[in-house]
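To find a chain, count down the sequence lines: A is the first, B the second, and so on, and within it residues start at 1.
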Amino acid sequence: MASQTGPVLGENKVVSLLLGIATWIVGLLFFFPIFWLVLNGFKDNLEASTRPTLFFSPTLERFRELGEEQAGVLSFREAATNSFWIVLISTILVMLLAIPAAYSLAIRPVKKWRDVLFFFISTKFLPIVGALMPLYFIAQQASWRIEVPIVGWVWEYDTLLNTRLLLVILYTAMNLPLAVWMLRSFFAEVPKELIEASQMDGTSLLGQIKSVILPIVSPGVAATALLCVIFGWNEFFLAVQLNNAGASTLPQWVASQETSRGNFIATLSAASVLATIPVVVAGWVAQKRMIRGLAMGAIK
Amino acid sequence: MTDIAQESAEAKPERGQAALDRAAAVKSLQRREGWKRRIPLLPALLFTIIVTQVPFVFALYYSFTDFNLFGEARKLVGFENYGDLFGDMFFRDAAWISIQITVLSVLLSLVVGTGLAMLLDRKFIGQGLVRTLIITPFLIMPVVASFVWKNQMFSATFGVLNWVIELFGFEGTPFATRYPLYSVIIVLVWQWSPFMMLIVLAGLQGQDTSVLEAAKVDGANNWGIFRQITFPQLRPFLELGTLLGAIYLVQVYDHIEVITGGSPLAKNLPFFIAQRTQIGFDFGRGSAEAIIVVIASIILANIGLRVLSNLFEGD
């Protein structure tokens, strides 16, 4: 952390210590619901559905049950596989589209680049629910069959509804504006003199990108990709509206653990833990970069 | 003299032609350069236009028809759907709830987030760890966050919140069913304060400490320093937080679905319209509602973008 204002304000040691303790308490309170969730994941369903208690004999039984597969019921493995591929491919697509766009907006800016940038952001203001019905009908009717002659690959869709491809397309569109916006601010950090100098040396465009631009922007690219992963991984609305039978993702799998019969809280908690861990850990690792990326959108 | 004059008169059109040619060459070069610059932008731009704008054109068309699941032929009905809509009490309720959810949760997250950032922006043991604890709510799925609060915090029978309240001798309440709107807002604030905290923290850490020291030397008190130095410097960050928060919070759906299951007391516009599509099957009417929401959003977005362009003024 770059600077600390606390000491500058010249509090005495006691106040400083008390504020430190207060911060710890607030932090623990903030984290408490998650701590409780993890705890409940190791309980018995009956134990989790009684008065709150810290004392119980932990069991891995819930996690084992969640790993079991039943025909006709969405399994963890299936949902995790769907989530993984949808998020991975849509994030790669976002980056492939957003990086050249950010280059065009920051390094060799097109005329009226600001208007273009605002157009991208303005699409985030459109309520997605307004597009829901048309998306449903368009997806329902979309069908094609593409054959690759020599290799013999066939790429065929009768409908896009309930397919992973549909969510890949929608998540790409959902994250693209934010990615363009963040990446532009990272690209704007590349000093113009460096690029000019390498131009003078006669370095090719590809060479410039490789040797000058990429080293500077790569942390920003990573932070942006991570944010796309978080939003895609956690997305529920589009998945549940357009994808409820066939390519369901982890948030849908978690929601399906709430049943109307019997106690389900421990099972639901264990499922929540399984579904959230990858993104939470990734976020923990990259928190500082995320601060930087979001803040630069404000200033640069 | 006359010779020269004659010569120059003859030469003029030629020279003029050369200048024109040159100008044309420069122009075409510029045009080519312009396209060179535009090409990397085009894939992203085209993709965004096709996927995010085309559906709204369809929605606009549907909104003028009586399109529903049971009707045989779609026919144009003009503004009928729109006329119905303004008399619709439920639509107005949903609009009001949308406003409350967005405004309250954005403001509260900003206040809480700023407080958290101020607390974290000082040296103490375990600073990084506490920051990690606090950002976690932002990272977890909205669906999961909602379930945790509904079943394990708010619940009247085994919720921790009620257990604490009863510990102090008060009577517990089933929060999520009795106060669905505030329950949703609490969970939203819990998830979004960390996000605001991240943004404000970035702003605090960019502060020039020498200015703060000078103010201290001049005898300014902490509140004065905050109001006159820190706050103005934080402004762009607070505006950015408001903007990003509003973009996401106005579209909240997951929390409402999980916590209230669609209680009429906490049904915002996205939820209301989605429900009409699923249950009502009245696509014409639903599209009219969506279009109204889109128009309202465009108005709000314009305000938001003006805020944003102020941020860019320094460029």
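Between chain A and the options B:F56, B:F271, B:F58, heavy-atom pairs under 4.5 Å are most frequent for B:F56. With respect to chain A, the highest number of heavy-atom pairs below 4.5 Å among B:M197, B:E289, B:Q53 belongs to B:Q53. Comparing B:V250, B:L269, B:I134 by heavy-atom pairs within less than 4.5 Å of chain A, the highest count is held by B:I134. Options A:A271, A:S269, A:P109 differ in how many heavy-atom pairs under 4.5 Å they form with chain B, and the most are formed by A:P109. Listed options B:V143, B:V57, B:V200 were ranked by heavy-atom pairs under 4.5 angstrom with chain A; first place goes to B:V143. Of the listed residues (B:A44, B:G128, B:A290, B:P270), the greatest number of heavy-atom pairs within a distance under 4.5 Å of chain A belongs to B:A44.
Contact of B:V294 with chain A is made through backbone and side chain together, with heavy-atom distances under 4.5 Å. Contacts between B:I292 and chain A at a heavy-atom distance below 4.5 Å are absent for every atom of the residue. Of the two parts of A:L126, the backbone and the side chain both hold a non-hydrogen atom closer than 4.5 Å to a non-hydrogen atom of chain B. There is no contact between A:P177 and chain B, counting heavy-atom distances below 4.5 Å. Contact annotation for B:T136: both backbone and side-chain heavy atoms come within less than 4.5 Å of a heavy atom of chain A. Looking at A:L37, the atoms closer than 4.5 Å to chain B (heavy atoms on both sides) sit in the backbone and in the side chain alike. Using a 4.5 Å cut-off between heavy atoms, B:L116 touches chain A through its side chain atoms alone. For chain A, no part of B:Y61 is nearby; none of its heavy atoms comes within less than 4.5 Å. Of the atoms belonging to A:F35, not a single heavy atom falls under 4.5 Å from chain B. The parts of B:I140 that come within reach of chain A are both its backbone and its side chain, each placing non-hydrogen atoms under 4.5 angstrom from that chain. With a 4.5 Å cut-off on non-hydrogen atoms, B:V217 does not touch chain A at all. Of the two parts of A:I265, the backbone and the side chain both hold a non-hydrogen atom closer than 4.5 Å to a non-hydrogen atom of chain B. Looking at A:A275, both its backbone and its side chain come within 4.5 Å of chain B, counting heavy atoms on both sides.
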Show your reasoning for whether ring-ring contact (aromatic ring centres under 6.0 Å, His included) applies to A:F231 and B:Y248.
CA-CA 11 Å; A:F231 284 128; B:Y248 285 93; 4.8 Å; yes
Determine, step by step, whether B:F283 and A:F137 satisfy the ring-ring contact (aromatic ring centres under 6.0 Å, His included) criterion, reporting the C-alpha distance in whole Å, the side-chain angles of both residues, the deciding distance to 0.1 Å, and the verdict.
CA-CA 11 Å; B:F283 304 128; A:F137 294 118; 5.0 Å; yes
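Just one of A:L268, A:N40, A:L39 meets the side-chain contact (heavy atoms from CB on, under 4.5 Å) condition when paired with B:Q152; it is A:N40.
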